[in-house]
There are 2 protein chains.
Amino acid sequence: MEDRKKNILRAIIDDYIETAEPVGSRTIARRYQLGVSPATIRNEMADLEELGYLQQPYTSAGRIPSDKGYRYYVDALMPQTSLSPRERELLWEQIQLQMSQAAVETLVHRAVRLLADMTSYAAVAMAPSIMDSVIKTVQFAPIDSRSVLLVLISEPGFVQHRIVDDLRSAVDESLLSYGRRVTALLRGMPFGSVPAVIREAIREIIREEELREALLEMITAGEKHDYTEKAYLEGSVNLMDQPEFKDVSKAKAVLTALEEPSRLLEMLSQNEGDTVVIGAENIIDDMHECSLVTATYHVKGRVLGTVGVIGPTRMVYNRAITLVDNVAAAVSEALSKVKI
Amino acid sequence: MEDRKKNILRAIIDDYIETAEPVGSRTIARRYQLGVSPATIRNEMADLEELGYLQQPYTSAGRIPSDKGYRYYVDALMPQTSLSPRERELLWEQIQLQMSQAAVETLVHRAVRLLADMTSYAAVAMAPSIMDSVIKTVQFAPIDSRSVLLVLISEPGFVQHRIVDDLRSAVDESLLSYGRRVTALLRGMPFGSVPAVIREAIREIIREEELREALLEMITAGEKHDYTEKAYLEGSVNLMDQPEFKDVSKAKAVLTALEEPSRLLEMLSQNEGDTVVIGAENIIDDMHECSLVTATYHVKGRVLGTVGVIGPTRMVYNRAITLVDNVAAAVSEALSKVKI
DNA sequence: TGTTAGCACTCTTGGTCAATGAGTGCTAAC
DNA sequence: GTTAGCACTCATTGACCAAGAGTGCTAACA
């Protein structure tokens, strides 16, 4: 594509992102110094429409970008930005601060809130799936003579617990050794995939049936709710400030999709790595008027989860991308400091 | 108030709840067999307006109930309802079902979701504040030579845990006895208020400073986030189906208030016991066009939390009250079965 | 050949106006 | 005390019109 076309397309999209109004040739000529007349711009706009980058709500209105237009804009046209030093510092500080208490969930939750506030869009996250983490230690803590607390810790800092009560036989001293022996077997195992041999060995160790079954269930069952990914959502109401959602039914469709954890997770799982999903590219139909910017956070090279921002397709992409990337990086860094 | 006035007021409110349109004398005369003519009804309506139970959006429109009108309706006029046996069974079954895994949080969360689905309004809950619960047992589980998992269980089934790592000295066998000795001291203590004597005694028992401080913090500090009440919210988007929120800005104001945990908790804390808060009675300004129906759930006579429903002031009060009461009762019953 | 000015045309938006109809309050008769 | 009748009010609706933004096309220009 010729440079002039690119410049015009960029100008149109920049303007539309700012104003949310169909933009006409006159506006472009006046507001952006492209050195050509409105008539020339009109000709180019007709071309760009034919190429599928722009569309016209109706004859004799200005043009608005199509999904294809946004895609090209994001991939090639968009001016690159970075955070101001002050913003960057603020953001990292906010996130590092949370690490005082080592709760992964809280950290991610706060990060999402921060992202929502800074972008004024909706912010989401998919928290680490415990299924993908590696078992660190297993402990059996006696509560009373017939109840035991089963605690399972996995990297990086997940704690799963479960109370097993109504034991048929009273717990005795052997309980204390269970922890040591079972941990020796399970340490380093990825959650979902403990080999049958090891499961068999555990059966040998733990005599109490209820205890044994509870533990086996914790380290195998993938269907159980507690083990699947957790979704976070903050600032969804921010979307209602956007003119594209001034119609309640549109707003409702989007908010409903977001409120449903399964759909949110499906959405966040649709892509690998850092991506921008624009409009109809989204697998969720109700999200076809939205765009999604995501980035993953990791510890030691292992992907743990995803954070992202959801706004109208007319979103300020460069700012959103910058913020999402920074938050993901800050979360990664904060998690890497967790000792356990 | 004379019976005829009551009947007319009831008819007007019933009709308005159903249609969301200002109701006129003709409609009442036609739809409800009150044995009087529209003209008579008009006179009564004028009276009711003067008394403050009704109001007119503008001259020569029908009447709509005022907050005072709803209040009287709820307190004295409203037809009493109960769930159909099938509904009741379904509801209780759904909630009892959750008790397989003894997580209080999950139980409440599911109950709120159920309530939202059954009422088509927004449903909320304030989960048990751990501050009000009674300590059951404390355990110290070794993770590795320099890290310990501190577990604190309180009634009814709360598990708090915290990892203490980077210990200066390696943990030794004495750790095992800590649990027994500290539990003996703390059992039965209400969370927030452990006397100084006991705290002193704990200082004597636990030599490792980091461990000691972590425990003391867990059983005292009230400011820490994890210890305060937790708010649940489901189905807030349901409100957008209500004609009173066809205006996005109104919907936004309400949803924003609901999304903010602090305001939600303030709202749920404003009253004792089972209540109906109508319109402007609500302390939260943005909720003046909504009503809130709440009920508390308890275990052994101790109030643990609140569940509720939020809808427009034009809500189907009797149905909402019935459902909220049933859910609260079912949650209480389910919780009472938790052994620990 | 590419660019630009000019112009007729299209289509939305916003405003006015009148007709409609639901509903009231008042008066007088029952 | 109740009701029928009637004049009056006021939001809602649809038609209609003017204004304005923007386009596409044509012809002139560099």
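Quick caveat: nothing in here was measured; it's all calculated off a predicted structure. Every chain is numbered from 1 and lettered A, B, ... according to where its sequence line falls, protein lines coming before strand lines.
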Can you tabulate the close N/O pairs, meaning under 3.5 Å, that link protein atoms to atoms of nucleotides 6-9 of chain D?
from	atom 1	to	atom 2	distance (Å)
D:dT9	O2	B:Ser60	OG	2.5

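- Between the side chains of A:Thr81 and A:Thr322, at least one donor N or O lies within less than 3.5 Å of an accepting N or O.
- Rounded to an integer number of Å, the gap from B:Arg31 CZ to C:dA22 P is 14 Å.
- Remark: C:dA28 base-pairs with D:dT3; criterion is Watson-Crick or G-U wobble with both hydrogen-bond distances under 3.5 Å.
- Going from atom CD1 of A:Ile41 over to atom C1' of D:dG22 covers 13 Å, rounded to whole Å.
- Using a 4.0 Å heavy-atom distance criterion, A:Ala39 is classed as a base contact.
- Taking 4.0 Å as the cut-off between side-chain N and carboxylate O, B:Arg314 and B:Glu289 do not count as a salt-bridged pair.
- A:Thr313 and A:Ser291 share no donor-acceptor pair across their side chains, judged by distance under 3.5 Å alone.
- Take B:Lys68 and apply the salt bridge (Lys or Arg N to Asp or Glu O under 4.0 Å) test, not counting sequence neighbours, and it matches no residue.
- For B:Arg26 and C:dT24, the shortest distance from a side-chain N or O to OP1 or OP2 is not below 4.0 Å.
- Within the structure, a side-chain polar atom (N or O) of B:Arg63 is placed less than 4.0 Å from OP1 or OP2 of C:dT24.
- Between B:Gln56 atom CD and D:dC10 atom C1' the separation is 11 Å, expressed in whole Å.
- Remark: nothing in residues 12-23 of chain B comes within less than 4.0 Å of DNA chain C through any heavy atom.
- Side chain to side chain, B:His109 and B:Glu234 meet the donor-acceptor criterion of an N or O pair below 3.5 Å.
- Straight-line distance from the CD atom of B:Glu44 to the C1' atom of C:dT24: 16 Å, rounded to whole Å.
- A straight line from CE of A:Met45 to P of D:dG22 spans 9 Å, rounded to a whole angstrom.
- A donor-acceptor pair shorter than 3.5 Å cannot be found between the side chains of B:Arg4 and B:Asn7.
- For residues 38-61 of chain A, the pairs satisfying ring-ring contact (aromatic ring centres under 6.0 Å, His included) are A:Tyr53-A:Tyr72, with sequence neighbours left out.
- Heavy-atom distances to DNA chain D give each of B:Gly35 and A:Ser25 a nearest nucleotide, and the one nearer the 5′ end belongs to B:Gly35.
- Among the nucleotides D:dT2, C:dT4, D:dG24, the one closest to the side chain of B:Thr40 is D:dT2.
- Nucleotide C:dG2 holds its P atom 11 Å from the NZ atom of A:Lys5, rounded to whole Å.
- A:Arg319 and A:Glu87 are joined by a salt bridge, as a carboxylate oxygen and a charged side-chain nitrogen come within less than 4.0 angstrom of each other.
- Residues B:Asp67 and B:Arg71 are not paired through a salt bridge, judged by the lack of any N-O separation under 4.0 Å between the basic side chain and the carboxylate.
- With salt bridges taken as basic N to acidic carboxylate O contacts below 4.0 Å, none links A:Glu44 and A:Lys6.
- Here D:dT2 presents its P atom at 13 Å from CG of B:Leu34, a figure rounded to the nearest Å.
- Residues from residues 46-54 of chain B with heavy atoms under 4.0 angstrom of DNA chain C: there are none.
- Figure legend. C:dA19 is base-paired to D:dT12; pairs are counted as Watson-Crick or G-U wobble with both atom distances under 3.5 Å.
- With 3.5 Å as the limit, one finds a donor-acceptor pair spanning the side chains of B:Tyr73 and B:Asp14.
- More than 12 non-hydrogen atoms from other residues, nucleotides or ligands lie less than 6.0 angstrom from CZ of A:Arg30.
- Between C:dT4, C:dT3, C:dT24, one nucleotide has an atom nearer to the side chain of A:Arg4 than all others, and that is C:dT3.
- At C:dG23, none of the side-chain N or O atoms of B:Arg30 fall inside 4.0 Å of OP1 or OP2 (strictly under the cut-off).
- Within the structure, the ring-ring contact (aromatic ring centres under 6.0 Å, His included) test picks out no pair touching residues 251-286 of chain A (sequence neighbours left out).
- Following rounding to the nearest Å, B:Ile8 (CD1) and D:dT3 (C1') show an atom-to-atom distance of 14 Å.
- The residue among B:Gly62 and B:Asn43 whose nearest nucleotide of DNA chain C is located toward the 5' end is B:Gly62.
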